[in-house]
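Here the structure comes first, spelled out in structure tokens, and everything after it is commentary.
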Amino acid sequence: MNRTVRWKGVQTLKLWGGRFKTSTDVLAEGFTSSISFDWRLYRQDIAGSIAHAKMLAKCGIITQEEGRQLVEGLKTIQKEIENGTFPFRQEYEDIHMNIEARLTELLGEVGGKLHTARSRNDQVALDMHLFMKEQVAEVRQLVLELMETLVSRAEEHLETIFPGYTHLQRAQPVLFSQYLMAYFFMFKRDYERFSDCQKRTDMMPLGAAALAGTPHPIDREYVAAQLGFGQLYENSMDAVSDRDFLLEFLAAASIMMMHLSRLAEELIIWSSQEFGLVEMDDSFSTGSSIMPQKKNPDVAELIRGKTGRVFGSLVGLLTVMKALPLAYHTDMQEDKERTFDAIDTLKNCLKVASGMLRSLRLQEDAIAASFKRDYSVATDVADYLVRKGRPFRRAHEVVGKLVLYCLEEGKGLEDLSLEEFQKIDSAIQEDIYQVITPEASVRARRSTGGTAPGSVRKQIELGKEFIGREKKSF
Ligand code: ARG
């Protein structure tokens, strides 16, 4: 098969074909090509090339007229890609060479000047940095939206009592808003991790060329300023060799997905018939193809399930990078699909999680009824005894006995008469009944960060301030 390419009458094998006698095996060509996925970098590649061309002209490495032609050609190519007429070709391997080959088709020999003082090694690093700068900003915005949803649902349910669990056993009553704000603060830390990883994304690698820099009198600061980068990579080998900015994003994304999967799991459990605490809206549930009665929490299940993809991307790229000597190796081409997939997955999960939470309903009657005989105010009885002077250990023992007695009698703590209480500890008085309601339990937990309404209101205020401040920063 003749894999020769022609442009403007010039016959060539590949853009790097000079030292090759035969054409690439068709299998090897398909195997090494990345255009099927890295076409997604076309905007960044063109923006980077325009900045590079302008720099070459400014520094006198090419003429002003050549610079102008390159910029015009690159703009034409962007239009071609966006209106679907651009001829993507596998034999040009990747987005960088597809664009460069087309530029030379359009402009002739001058197209070949664009790659002066540049290598695909620093070019691809630049593209990924530009791409991530945009994507991380979008992710941060979506996280902020999710945080906003949590805050507004927390405000709406500021005083709604909800069961709190440890070991998935009834532990102590909490406010539903306390639950929501717990996730809010997890997501706030996720947001901050993304903000932090933006710093390492905001670094400009171009000018490293293949690995050692270039003898041409380039101006890297000018390129960085045109593209809006805050910093330059200080070492050319580092600039082309690392993908830690991607790993950092994937690590932050994995932690965030871990958080999202826990929230998804809560909703799945709470919406089961056995728990019956919440109801997902029809718009965020699906039916069964065989069992007509079913309403399944598929959206939450998929958030939980897709977590594995993002973890896989992180571990996959760590494995690609492990033990790679400097500088560039094509192994690193394996960074893209998994990064793209992780970004798409995370963004979709963030969007549906917000929608699901916005439309979630509480089964308030069932929740209130569920506190009967659940012993979740047992700690309040112990704390009551502490206030009456008992050491906490002794109080714990006493309440354990009370619960055992209740279990044997088929009663709740709230069903016990004063005589029954006093048989086990004489320090218990009539005022015990004010202590052992879920409302009193929650109200009593006024410690900073605790579940008392005042404390949760403070958390909500902090949350709103944070969101307001961050929104302004976009
Ligand atoms: N497609 C390559 C990648 O994604 C671009 C850099 C290739 N450089 C090279 N010398 N083969 O990493």
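Both backbone and side-chain heavy atoms feed into the values below; hydrogens, waters and symmetry mates do not. When a ligand or atom number is given, it counts from 1 through the structure's own listing order.
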Using a strict cut-off of 4.0 Å, indicate which atoms of ligand 1 neighbour a heavy atom of [X].
X: Asp94; result: 1 (N), 2 (C), 5 (C)
X: Gln333; result: 1 (N), 2 (C), 3 (C), 4 (O), 12 (O)
X: Ser34; result: 1 (N)
X: Val124; result: 3 (C), 4 (O), 5 (C), 6 (C), 12 (O)
X: Lys336; result: 3 (C), 4 (O), 12 (O)

Donor-acceptor pair, side chain of His52 and main chain of Thr116, under 3.5 angstrom: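 Indeed, once roles are kept as given, a pair shorter than 3.5 Å links the two residues.
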Any donor and acceptor pair, going by atom type alone, linking the side chain of Gln178 with main-chain N or O of Ser455 inside 3.5 Å?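 No; judged by distance alone, with no hydrogens or angles, the pair does not exist.
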Would you check the N or O atoms of Arg243, main chain and side chain alike, for any that come under 3.5 Å of an N or O of ligand 1?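 For ligand 1, there is no N or O atom that lies under 3.5 Å from one belonging to Arg243.
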Are any of the N/O atoms in His96 less than 3.5 Å from those in ligand 1?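 No, His96 has no N/O under 3.5 Å of an N/O on ligand 1.
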Which of parallel (below 30°), tilted (30 to 60°) and perpendicular (above 60°) describes Tyr179 and Phe162?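 Perpendicular.
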The single option from Val315, Val310, Val320, Leu314 passing side-chain contact (heavy atoms from CB on, under 4.5 Å) against Arg338: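 In the set Val315, Val310, Val320, Leu314, the residue that makes a side-chain contact (heavy atoms from CB on, under 4.5 Å) with Arg338 is Val320.
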Suppose we measure from atom 7 (C) of ligand 1 to each protein heavy atom; which comes out shortest, and what is that distance?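 Going by distance alone, atom 7 (C) of ligand 1 is nearest to Tyr328 OH, 3.4 Å.
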Protein contact to atom 11 (N) of ligand 1 [nearest heavy atom, distance to 0.1 Å]: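 Looking at atom 11 (N) of ligand 1, the protein heavy atom closest to it is Arg120 NH2, 3.5 Å.
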Going by side chain to side chain donor-acceptor pair (under 3.5 Å), Gln78 matches just one of Lys75, Glu80, Glu82. Which one?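 Of the listed residues Lys75, Glu80, Glu82, the side chain to side chain donor-acceptor pair (under 3.5 Å) partner of Gln78 is Glu82.
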Region of Gln123 engaging ligand 1 - heavy atom pairs below 4.0 Å: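 Neither; no heavy atom under 4.0 Å.
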Are Glu93 and ligand 1 in contact, using a heavy-atom cut-off of under 4.0 Å?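 Under 4.0 Å: no for Glu93.
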Are Arg220 and Asp122 ion-paired here, with the side-chain N under 4.0 Å from a carboxylate O?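 So Arg220 does not pair with Asp122 through a salt bridge.
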Looking at side-chain heavy atoms only, is the closest gap between Leu326 and Leu211 below 4.5 Å?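 Not in contact.
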Nearest-0.5 Å distance that lies between atom CG in Leu144 and atom NZ in Lys188: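 Rounded to the nearest 0.5 Å, the CG-NZ separation comes out at 11.5 Å.
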Per atom 8 (N) of ligand 1, closest listed option by heavy atom (Asn121, Ile95, Val240):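 The option holding the nearest heavy atom is Asn121.
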